[in-house]
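In what follows, a structure is listed as C-alpha cells, so that the remarks can point back to it.
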Amino acid sequence: MEVTLDEKDAGDWVYRGEGAANIVLSYAGSSPRFLGKVLRIQKALKDKVHSLDGSSSFSEHERLLWKGYEELVLAPTKEIAARLYVQGVMKPLLGAEHVDAGVQVNASKEFLEKTEKNVNSSRPSWRIRASEVDTLSTSVLLISDHSLFPQGNPKGDICISVEIKPKCGFLPSSRYIAKRNTIKKSVTRFKMHQLWKFHHDEIEDVSEYDPLDLFSGSKERISKALKALVGNPQNNLRVFLNGSLVLGGLGGIAGTTTSSTGAAVEDLLKFIIRADEHLHTQSFIELLSATISKSGVLSRLLEVQELDNYDIEGVVHAYYNIISKPCPVCSELDRVESSKKWLELHSLSIEESLGIVRNFLIAATVKDCSLIFCFRRRRDGESDSSGDSVVVPSTNQVFAYKVFFIDLDLKPLEKRMAMVGRYIATLSEDRNLGLTRQQKIIVSAELRCSKCMMKVMKSVAGLEGITSIALDPSKSTVTVIGEADPVKIIKKMRKCRKSAYIMSIGPPKDEKKDDKKDPIPQTPKTCQKCDVWYVTSEDPNYCSIM
C-alpha cells in the first residue's frame with residue numbers, strides 16, 4: 001500500500017541535522033512502519049527559483065555523461081535521481097553491505113510546509129538564511145536510522161554511534177596541477193580550508209585532524225586522528241547515544257570540546273565501556289580505531305576517491321571537450337605550460353573525456369560523504385549471528401557493530417564545473433594563509449609595557465622556523481617573518497594575550513629603510529595589567545589582592 005505523508009504526520013518527525021542539500025529528520029511517533037527510520041528532505045536555496053514539481057532537469061550534457069545508467073537519466077524527479085544514483089553507482093563501488101539507498105515516500109506540500117515550521121526552531125540561523133525546505137518536492141527519502149541497531153536489540157542495551165566525515169584521504173599528484181598550485185601536492189585540502197575559515201573567523205580554532213592519518217592504516221595515526229576529531233569536532237564528527245546527539249553540532253559547526261563537555265561524554269561512556277577512571281574516552285577511541293581497521297571501509301572509500309586522478313585542474317579541460325566550447329582556463333595559464341600539457345587533454349576523444357569527468361564527480365561524492373559506526377555491547381553467550389563484532393584491545397570487551405556510508409549525493413555537473421574559478425581563487429588565498437615557505441604574519445596584540453612585550457616575545461620566540469620578530473607598541477602589532485605555522489603563533493600568543501588576532505598573512509617584502517619613520521614612543525616598564533599590588537594590614541593574618 002502506497003503511503004503519503006500529510007500535514008498530520010509532520011509532528012512525528014524531529015530535526016536530526018542537515019548538510020548542504022538535505023535536512024535529516026528522525027521519527028518520534030509510534031507507527032511500526034517508520035520506527036527506526038529517518039527522512040531526508042531536499043532543500044532549496046532561498047535566492048534560487050525552486051524546480052517545478054521537483055524536476056531533476058538533467059541537462060543535455062548530464063544525460064550524455066550518465067548515459068550508461070538509463071534509469072538515472074530517465075528519473076522524473078531529482079529525489080528519485082538521488083536514490084537511483086546511490087543504488088546504481090555508489091552501491092557497487094562501496095559495497096552493498098555498507099550502503100542504504102532507501103525508499104521513496106510521497107509527501108504532500110502541506111507536510112513539507114508544516115515540517116519546515118516545526119524544524120526551524122532547531123536549525124542554525126545561518127542555515128535558515130541560506131536555504132529552506134523545497135516545498136515543491138513530491139517525495140522524500142526514507143532510510144534506516146543507522147545510528148541505531150535494528151529491531152531485536154536486547155532490551156535495556158545502550159547503543160552508541162559515531163558519524164565521521166573523513167574528507168579526502170590522499171594528496172593529489174596529477175601532472176596537470178599548475179605550478180602556482182603545487183602546494184596541493186604537500187598540504188591537504190582540509191588544512192587549507194581550516195586556515196581559510198580561521199582567518200575569516202568562521203571557526204574558533206583550527207582542527208589538528210589530518211585525513212591522511214585516518215586513512216593511513218596505522219593504528220597510532222588512526223588514534224591520533226580520532227583524538228583530534230573528539231577534541232575539535234566541528235562538522236566532521238558527531239556522537240549519538242540511543243539516537244540522541246551527545247557530541248558535535250546539529251546542522252552547524254561545533255567548536256572545540258570544552259572540559260565540561262569532555263567530562264560529560266566521559267560520564268556517558270561509563271555505562272557502555274569498561275575502563276579505569278578517566279580512560280573511557282580513550283577506550284572508546286580504541287574501539288573505533290579497531291573497527292576502522294577490521295571493517296576495511298576506509299580502504300574501499302580511498303579507492304573510490306582516487307578515481308579522481310586528473311585533479312579538477314585537468315578535469316576542467318575534459319569538461320570543455322564535452323560541451324564543445326573554447327576552454328577559458330587555458331587562456332589564464334602560462335603559454336609554455338599550456339602548449340604542452342593542456343593540448344593533450346584537448347586531444348582526447350569525447351568518450352575519454354566523459355570517463356574523466358564522470359570519475360571526478362563520483363570521487364567528489366565520496367570526498368564529502370560521511371560514515372556511521374554503530375555499536376552495542378555483546379553479552380556473554382550471545383551468538384555471532386547478530387552481526388560483526390570487534391574487541392576493545394585494552395579491556396577485551398566485545399561489541400557488535402555495523403558501518404554505513406551516508407550523504408552519497410549526486411554532484412550536478414554544471415554547478416561543479418562553475419566552481420573551478422572560485423576554487424583556483426581560494427587556492428591563491430590559501431597560499432597567503434601560511435602555506436608558503438617564507439611569510440609575513442602581522443598579529444594585533446596589547447603591548448602596553450615592557451613586560452607585555454617580553455611575554456609576547458617569549459611566547460613566540462621558541463617556535464621553529466621564525467626568522468625575525470618585530471614589536472610595534474605604537475600600533476599594537478607583532479610582525480613575524482619565517483616559515484612557522486601561523487596557527488601555532490596565534491595559539492602561543494593567546495596564552496598570554498587572549499585578544500590577539502591575525503591581521504594579515506602574506507609574502508615578506510624587502511622594505512626600504514625610512515629614516516623619517518615616526519619614533520616609537522617609550523613604553524613604561526610595567527602596566528596595570530602586568531603589575532600586581534599586595535595590600536596588607538598590620539594584622540598578619542589579613543591579606544587582600546587588588
>> For Leu65 versus Arg358, what's the shortest heavy-atom pair and its separation?
In response: O-NH1, 2.7 Å
> After noting the C-alpha distance and the side-chain angles of Ile177 and Lys185, does the key distance pass the side-chain contact (heavy atoms from CB on, under 4.5 Å) rule?
Replying inline: CA-CA 9 Å; Ile177 295 174; Lys185 295 182 178 182; 4.0 Å; yes
> In terms of side-chain geometry, is the basic nitrogen of Arg238 or Glu163 positioned less than 4.0 Å from the acidic oxygen of its partner?
Replying inline: yes
> Which of parallel (below 30°), tilted (30 to 60°) and perpendicular (above 60°) describes Tyr27 and Phe34?
Replying inline: tilted
>> Could you check whether any side-chain N or O of Glu7 sits under 3.5 Å from a backbone N or O of Phe111, counting only pairs where one atom can act as donor and the other as acceptor?
In response: no
>> With salt bridge (Lys or Arg N to Asp or Glu O under 4.0 Å) as the criterion, how do Asp210 and Arg221 come out once you've worked through the C-alpha distance, each side chain's angles and the decisive distance to 0.1 Å?
In response: CA-CA 9 Å; Asp210 186 346; Arg221 292 182 65 185; 5.1 Å; no
>> Run Lys78 and Glu62 through salt bridge (Lys or Arg N to Asp or Glu O under 4.0 Å) and show every step you take.
In response: CA-CA 13 Å; Lys78 59 185 178 182; Glu62 284 178 313; over 6 Å; no
> So does Lys167 pair up with Asp368, basic N to acidic O under 4.0 Å?
Replying inline: yes
> Less than 6.0 Å separating the ring centroids of Phe58 and Trp66?
Replying inline: no
> So which heavy atom on Ala101 is nearest to which on Arg83, and how close?
Replying inline: O-CG, 3.3 Å
>> Main chain of Glu113, side chain of Thr135: is a donor-acceptor contact present, judged purely on distance under 3.5 Å?
In response: no
> Are Ser353 and Asn321 close enough that a side-chain donor and a side-chain acceptor fall under 3.5 Å?
Replying inline: yes
> Will you find, in the side chains of Ser139 and Asn106, an N or O donor that is under 3.5 Å from an N or O acceptor?
Replying inline: no
> Got Glu208 and Asn232 here, is their nearest side-chain heavy-atom distance under 4.5 Å?
Replying inline: no
> What residue among Leu142, Ile143, Val140 forms side-chain contact (heavy atoms from CB on, under 4.5 Å) with Arg40?
Replying inline: Ile143
>> When you compare the side chains of Ser147 and Asp145, does any donor N or O come within less than 3.5 Å of an acceptor on the partner?
In response: yes
>> Can you confirm whether more than 12 heavy atoms, excluding those of Glu110, are under 6.0 Å from its CD atom?
In response: yes
> Any side-chain heavy atom of Glu79 within less than 4.5 Å of one from Gln104?
Replying inline: yes
>> I need the Ser137 OG to Ile41 CD1 distance, nearest 0.5 Å.
In response: 8.5 Å
> Counting N and O atoms only, with roles assigned by atom type, does the side chain of Ser289 sit under 3.5 Å from a partner on the main chain of Glu286, one being a donor and the other an acceptor?
Replying inline: no
> For Phe399 and Ile272, which heavy atoms make the closest approach, and how far apart are they?
Replying inline: CZ-O, 3.5 Å
> Does Arg63 use its side chain to pair, donor to acceptor, with the backbone of Val73 at less than 3.5 Å?
Replying inline: no
>> For Gln87 and Glu71: C-alpha separation, side-chain torsions, deciding distance, then whether side chain to side chain donor-acceptor pair (under 3.5 Å) applies.
In response: CA-CA 10 Å; Gln87 181 70 35; Glu71 278 191 293; over 6 Å; no
>> When you compare the side chain of Val403 with that of Cys374, does any pair of heavy atoms fall below 4.5 Å?
In response: no
>> Could you tell me if Tyr401 and Ser295 have a donor-acceptor pair between their side chains, going purely by distance under 3.5 Å?
In response: no
> CD1/Ile322 to CG/Leu354 distance, rounded to the nearest 0.5 angstrom?
Replying inline: 4.0 Å
> Is the count of non-hydrogen atoms from other residues, nucleotides or ligands lying under 6.0 Å from Lys43 atom NZ greater than 12?
Replying inline: yes
>> Let me confirm one number: the SG-CG distance from Cys159 to Leu148, rounded to the nearest 0.5 Å.
In response: 5.5 Å
>> Assess the residue pair Leu241 and Ile158 against the criterion (side-chain contact (heavy atoms from CB on, under 4.5 Å)); give the C-alpha distance rounded to whole Å, side-chain angles, the decisive distance to 0.1 Å, and a yes or no.
In response: CA-CA 7 Å; Leu241 194 67; Ile158 297 174; 3.5 Å; yes
> Using a distance-only test with no angle check, is there a side-chain donor-acceptor pair under 3.5 angstrom linking Glu266 and Thr281?
Replying inline: yes
> Are Phe373 and Phe375 close enough that some pair of their side-chain heavy atoms sits under 4.5 Å apart?
Replying inline: yes
> When rounded to the nearest 0.5 angstrom, what is the spacing between CG in Leu298 and CD in Glu303?
Replying inline: 11.5 Å
> Does Arg16 make a cation-pi contact with Phe240 (under 6.0 Å, within 45 degrees of the axis)?
Replying inline: yes
> Would Leu229 and Gln234 count as a side-chain contact (heavy atoms from CB on, under 4.5 Å) if you check the C-alpha gap in whole Å, the side-chain angles of each, and the deciding distance to 0.1 Å?
Replying inline: CA-CA 8 Å; Leu229 287 171; Gln234 296 189 24; over 6 Å; no
>> Does Lys224, at its NZ atom, have more than 12 non-hydrogen atoms belonging to other residues, nucleotides or ligands within less than 6.0 Å?
In response: no
> Any chance the rings of Phe190 and Tyr209 have centres within less than 6.0 Å?
Replying inline: yes
>> For the residue pair Arg376 and Phe149, would you count it as a cation-pi contact if the rule is NZ or CZ under 6.0 angstrom from the ring centre and within 45 degrees of the ring axis?
In response: yes
> Is there a salt bridge (Lys or Arg N to Asp or Glu O under 4.0 Å) between Asp100 and Lys91 once you walk through the steps?
Replying inline: CA-CA 8 Å; Asp100 178 6; Lys91 206 167 186 176; over 6 Å; no
>> Working note: Val105 + Leu141, criterion side-chain contact (heavy atoms from CB on, under 4.5 Å); need CA distance, chi angles, decisive distance, verdict.
In response: CA-CA 6 Å; Val105 175; Leu141 193 63; over 6 Å; no
>> With a 4.0 Å cut-off on N to O distance, would you call Glu97 and Arg300 a salt bridge?
In response: yes
> How many angstroms lie between OG in Ser144 and CG in Leu35, if you round to the nearest 0.5 Å?
Replying inline: 11.5 Å
>> Are more than 12 heavy atoms, taken from residues, nucleotides or ligands other than Lys109, located less than 6.0 Å from that residue's NZ atom?
In response: no
> Do the non-hydrogen side-chain atoms of Asn236 and Ser207 ever get within less than 4.5 Å of each other?
Replying inline: no
>> Quick check: closest heavy atoms across Ala290 and Val390, and the distance to 0.1 Å?
In response: CB-CG2, 3.7 Å
>> Using only atom types and a distance under 3.5 Å, with no angle test, would you say the side chain of Asp134 pairs donor to acceptor with the backbone of Leu136?
In response: yes
> Is there a side-chain contact between Phe284 and Ile160, using heavy atoms and a 4.5 Å cut-off?
Replying inline: yes
> Which pair of non-hydrogen atoms, one from Phe198 and one from Glu204, has the smallest distance, and what is that distance?
Replying inline: CE1-O, 3.4 Å
>> Checking side-chain contact (heavy atoms from CB on, under 4.5 Å) between Val366 and each of Asp308, Val304, Asp407, Leu302, which is the one that passes?
In response: Val304
>> Can a side-chain donor-acceptor contact be found between Tyr310 and Glu313 if the only test is distance below 3.5 angstrom?
In response: no
> Do other residues, nucleotides or ligands put more than 12 heavy atoms under 6.0 Å from the NZ atom of Lys294?
Replying inline: yes
>> For a quick check under 3.5 Å, do Glu414 and Ser59 share a side-chain donor-acceptor pair by atom type?
In response: yes
> What distance separates Lys165 NZ from Ile406 CD1, expressed to the nearest 0.5 Å?
Replying inline: 7.5 Å
> Are Gln305 and Cys168 close enough that some pair of their side-chain heavy atoms sits under 4.5 Å apart?
Replying inline: yes
>> Do Leu408 and Val89 have side chains that approach each other closer than 4.5 Å (heavy atoms only, starting at C-beta)?
In response: no
